[in-house]
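Note sheet for the following structure.
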Amino acid sequence: MKRFRPLSPRSWFRPDSAGAPTAPTRADAAIQMYHCSKSYLAGSFALRDVSLEFGRGEFAFLTGPSGAGKTTLLELLFGAEHPSEGQIVVLGRNISRLGAAAVPRLRRRIGVVFQDFKLLPRLTVEENVALALDVLGTPRREARAKVFATLKQLGLQHRRYHHPLSLSGGEQQRVAIARALVNEPEILLADEPTGNLDADLTLEIMDLVVSTALRGTTVLVATHDLSLVDRYGKRSVRLEAGRVTEDHRPAGGVA
Ligand code: ADP
């Protein structure tokens, strides 16, 4: 992996060229990407020269057709992949420079939701959600309280002893969201979270995800469903062939 000089985020993150941030940098940025490219195969780019900034508590959609680079962008943000070029600062940490031990520490501050839920079928709802706290070593009593509060908040308390496969798709996604939120993450990344759900459940899940940002979490939702973007009137960043082709902020502000 490329090593970078130890610069403070503020000193290198400056809008200065094509692909640069479309808004002034903010002291309360949760995510800063600076000229990031990702190439899985020599000569082809999943992301190309992407510079973006997302504030704390901001909500944004990532849109674009299949293959545009949405998943890759999210993977870079939680350290599942590393940029081939450029730098990324997440919650004040330059993730290109993080050592092996620091990546899991940063991930604890980030919740992730996927299209296919990724729940463990042999565990109950409660156990699936608790797992996120087990791996952090949260004391049992505290973990139980947090799991119960989160399930209640998402209207799942009556399902806590059920197994995921006995639940509807919408309920399974709510469990996945509970698992992502139980540790009160500062960032929530959702990759096509409603891709497997029908229209009614899509809105139910999206309402939940949007309300998460209102509580101060930075939320990025990758979707190819432009009707969601129209409906919620939030910032939307469009990717095409790995490049940012549009960064639309609704009139009246962000978040
Ligand atoms: P999206 O989420 O918008 O559908 P992706 O980030 O999944 O886009 O993919 C962007 C491009 O990167 C595509 O051309 C895809 O084939 C390629 N890609 C994604 N992941 C890998 C990988 N692990 N290895 C090789 N190519 C990949």
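Remember, it's 1-based here, ligands and their atoms both numbered in the order they're listed. Numbering starts at 1 and runs along the sequence shown.
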the protein heavy atom lying closest to atom 7 (O) of ligand 1 turns out to be T71 CB, 3.7 Å

Subject >> K38 to Y40 six-membered ring, cation-pi geometry met (6.0 Å, 45°) >> reply: yes

(Q) What I want to know is whether T72 and ligand 1 share at least one N or O pair that is separated by under 3.5 angstrom. (A) yes

for atom 12 (O) of ligand 1, nearest protein heavy atom and its distance come out as A46 CB, 3.2 Å

Check your understanding: Counting only non-hydrogen atoms of the protein, does one fall under 4.0 Å from atom 15 (C) of ligand 1?
Key -> no

So the atoms of ligand 1 within less than 4.0 Å of a heavy atom of P65 turn out to be 3 (O)

Within the 3.5 Å criterion, strictly below it, is a donor on H35 or E85 matched to an acceptor on the partner's side chain?
no

For A68, the ligand 1 atoms with a heavy-atom partner under 4.0 Å come out as 1 (P), 3 (O), 8 (O)

The closest protein heavy-atom partner of atom 25 (C) of ligand 1 is Y40 CB, 3.3 Å

Between Y232 and D207 the two heavy atoms that sit nearest each other are OH-OD1, 2.5 Å

heavy-atom search around atom 10 (C) of ligand 1 in the protein gives G67 O, 3.3 Å

(message) If you measure every N or O of G69 against every N or O of ligand 1, does any of those distances drop under 3.5 Å?
(response) yes

- Task: Look up atom 2 (O) of ligand 1 and tell me if a protein heavy atom lies less than 4.0 Å from it?
- Result: yes

Donor-acceptor pair, S39 side chain versus S44 backbone, under 3.5 Å? yes

query = Is a donor on one side and an acceptor on the other found under 3.5 Å between the side chain of T194 and the backbone of L197?
reply = no

| task | Take every heavy atom of G64, measure it against each atom of ligand 1, and state whether any distance is under 4.0 Å. | result | no

**Q.** Sub-4.0 Å heavy-atom approach of G242 to ligand 1
**A.** no

When L201, V125, L208, L151 are each screened for side chain to side chain contact (heavy atoms under 4.5 Å, CB included) with R174, the one that passes is L208

Between R215 and E184, is the closest basic N to carboxylate O distance under 4.0 Å? no

query: In terms of side-chain geometry, is the basic nitrogen of D191 or K70 positioned less than 4.0 Å from the acidic oxygen of its partner?
result: no

